[in-house]
Amino acid sequence: MSAPIATRPQFAGQRIKRLEDPRFLTGHGQYVADIQLSGTVHVAFVRSNYAHAHIKGINAEEARKDPRCFAVLTGAELAQAKVFLPGAQNAPLPALAIDEVCYVGQPICAVVATDRYAAEDLAETIEVNYDPLPAVVDTLAATQPNAPKANLAFPTPGNVFFHMEHATDGIDDLFADPQVVVVRQTFRTQRQTGMPMETRGIVASWEPGTASLTVYAATQMPHGLRDTLAAALHLSQSKVRVISPDVGGGFGMKAPVYPEDVVVSFLAQQLGRPVKWISDRREGILADTHARDGLHIAEAAFSKDGLFLGLRDHMISPAGAYPLGLSGAVAETVLATLVLPGPYKVQQYAWQIDGVLTNTTPTGTYRGVWGPAATWVQEGMIERAARQLGIDRVEIRLKNMVRKEEFPYHSVAGVVYDPGSYQESLQLAMEKIGYAGFEEERRQAAAQGRTLGLGIACFIEPTAMGVMGDEPLTVPNDVASIRIEPSGQVIAQVGISSHGQGHETTVAQLIADQLGVDVQNVTVLHGDTAAVPYGGGTGGSRSITIGGGAAILAAQELRQKVLQIAGHLLEAAPEDLEIADSTIQVKGVPGRTVTLAQVAQTAYMLPQKLPQGVEPGLEATKRYTPPPITFSNGCHAAVVEIDRATGAVKVLRYVVVEDCGKMVNPMIVEGQITGGVAQGVGSAFLEQLVYDENGQLMTTTWMDYLMPESTDAPKVDFGHIETPSQNPGGMKGMGESSLIASPTALVSAVEDALGVWVGALPLTPQRVLALAEGRQEDAGA
Amino acid sequence: MQIKGDQLLSGPPEVVYEQLMDPEILAKAIPGCKALNKVAENKYQGELELGVAAIKGHYVGEVEIRDPQPPNRYVMAVSGQGGPGFVNAELNFTLTPHGNDTSLYYEGEAQVGGKIAGVGQRMLGGVAKMIAKQFFSAMSKAIAAQEKTQ
């Protein structure tokens, strides 16, 4: 990377208040539900009440006769039009059920009416005649040879639709060696869902004049949605425009394309009028992708002096009834295989994956995807070894971590760790949490009848994925198109798409520094496939590293051109110029200046004044492809107090040391982490989607699915270490680390407080009480 | 979901058993029952309006008496479906003499699906008990009323 011409960072690295916040905080955000197109009709879905059944018939007579009804759409009609959703292993998924339903909440019919109220009422009049089939809900039960098949139409013979395995040479010898100490644990994460504040929603509008479709959708990946809708509806990509207006959170749940997206778009095309559907919370909990719910049957081999020699993990993960393109069963496990050794120099490594079909809602990605489980496994193994071998928990970690001088480090999992601060992060976190004095603190608390524990979670986070083989999970690059308008104002169009990350601020900060303008003078446009070049949207902690990297490159190119034109106007060499406050000045000669607006006007309107060979205009488009993986790292630490009467766990102190390379805006970094730690409280103690044995989801309201509240969110004490990456600006991704590490830190603190091991989440008060009373359960398998 | 309970009904098992099979009495006693018709021997069809908390709905269903052993026992299979979901249940009823009256014991398994399960499952046990209580108290009244007219 060529060094940028003497640019003094003014904005990058600063705690700049988010430029988008005034509109959010004053209620002027424009979300999909706010989109009002004239003539809009509204959709309600009839969803399966059975986990598995044949559909013998659908009677929609009463609804169809109603004057408020515009259409009733069934799977048969979609099949006739050859409209399907793409799924894993090229198995097309029905957007509306055809003959068979495979999970409670699966859409069967769509009713279109004058308003949502009418649509809901009409949906209730539709009679679906079910013939129940045997359902299989439990993931392990579904792997048994005699288990009922969860999805009769799916091409694999049994429910295990995906299997992979790998082992290094010599791992069996290692585990058989009587000299090594082997620790074992089964780790089970609970089923959760992303639960953004804004539910999913879509407004689709067909323009007959141009035979084109415009879709407003709450999505993380506008181009991904456009490509899939175009393919599903047999339209060319140029005839589909996807706009994601303000999006109120996604957490991975808004990355896939859903049946409802296809149905609403198809209906708009058929009816020739705008069609709208906004998910309500209950149907969101039923039909948004679910996540986690994985089983890790793990064992680790240590030398007697605490070297982490080997790791084995058998991962079993449910896809639900239909494996999506990026099924949770695959994403949670395949990505985990890359990073299960974590920050430790493990030498021998084996893993197996079984992806399983069950009669449950399809699984997808949730913030951190593979991470919370893999971190729990790594740290769980280290903790167990430390206690068994009588080695200090911090000491054993430091001993096994990749050291500063060992980067770039080629891990046993086949990936390269770029430079980080593994030992330094742990040491700083321990200093901040008061590790050295904690045993004394614990003793004093115990003397007052209080039970304290300290938890540790070191993590690595693979971010900003670049080229990773011939079947990319995401776009392995991203783009920024920047132009300086004749007024000197800067407009940037980017392929990343904010759903709460604050890109309108951070990307503006990066560009402002390169172009020497105020951050307020940079407008960042995103989330509209007609306005921005092809991009990968936001997911996988990719945006600031890849999209921000592209913005820096495009701004650097533009800066060169500005300086070239300004040099010509000022009769000075470009390298003798500097830009500040939208003014270009000859270094050390305060009088010799030209404004950015003058340069821009020259570029557009006075081409005769441009240097020879310089094209008119001030615009640049650059695409940035990062290395395969850029690794962030850090450490979370928690001190908790257990209420032995109620089983409640109170977080007394929480420390996060984060190394995400160069920070563009530390306030946004800390905001994202604070949110992820709150989600970690949900994962560790509260949230769980529960099915009964017949496949009925019993937790479809916030009465039963407990979300962390603001009062549950610990106040985080932050430590920052910045190990720059090779990417432009030195950034690394950081969107997921907070939820990757926090559940483990909290669970580890409870384990430390009670002297127990935990193998399943969430740690509800009942379970904490059982553990406190010595009723050590087999919390795993 | 497990359902069980017992109830004392006036009259000997021979009388109570007949009353429990009488669609007219049942229609009056079943909470929210809008219609109940005998469609075949031991088979009834009906319509029900019922609410579990905020989930109110209209259900159409079938009741079948299986393995009738008057006046001692029978099995009742219920399947109902409506906007908010479905209920399928199979209940064993046992009648034993208790002085001049009858002690009725029932137990069985109910399966619910849809909104009723997703939103109401936690209170369904309580609701089922409440409905049974309403049913039997209405039943006693209906029997008393019938006895008066006879």
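We name chains A, B, ... by the order of the sequence lines, and we start the count at 1 in each one.
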Residues of residues 113-129 of chain A with any heavy atom under 4.5 Å of a heavy atom in chain B: A:Glu124, A:Val128
Applying a strict 4.5 Å limit to non-hydrogen atoms, the region of A:Arg47 in contact with chain B is neither
Given A:Val46, A:Asn694, A:Leu697, A:Thr701, the one with more heavy-atom pairs under 4.5 angstrom with chain B than any other is A:Asn694
To the nearest 0.5 Å, how far apart are CG in A:Asp692 and CD in B:Gln111? 7.5 Å
Pairwise distance NZ(B:Lys115) to OG1(A:Thr700) - rounded to 0.5 angstrom: 9.5 Å
Flag yes if more than 12 heavy atoms outside B:Glu109 fall under 6.0 Å of its CD atom; otherwise flag no. yes
Determine which residues belonging to residues 85-107 of chain B lie within contact range of chain A, meaning some heavy atom pair is under 4.5 Å apart, and list them by number or answer 'none'. B:Gly85, B:Phe86, B:Asn88
Enclosure of A:Gln144 CD (heavy-atom neighbours >12, cutoff 6.0 Å): yes
Please classify the contact between B:Val60 and chain A as side chain, backbone, both or neither, with a heavy-atom cut-off of under 4.5 Å. neither
Is the side chain of A:Gln696 donor-acceptor paired with the backbone N or O of B:Gly118 at a distance under 3.5 Å, no angle test? no
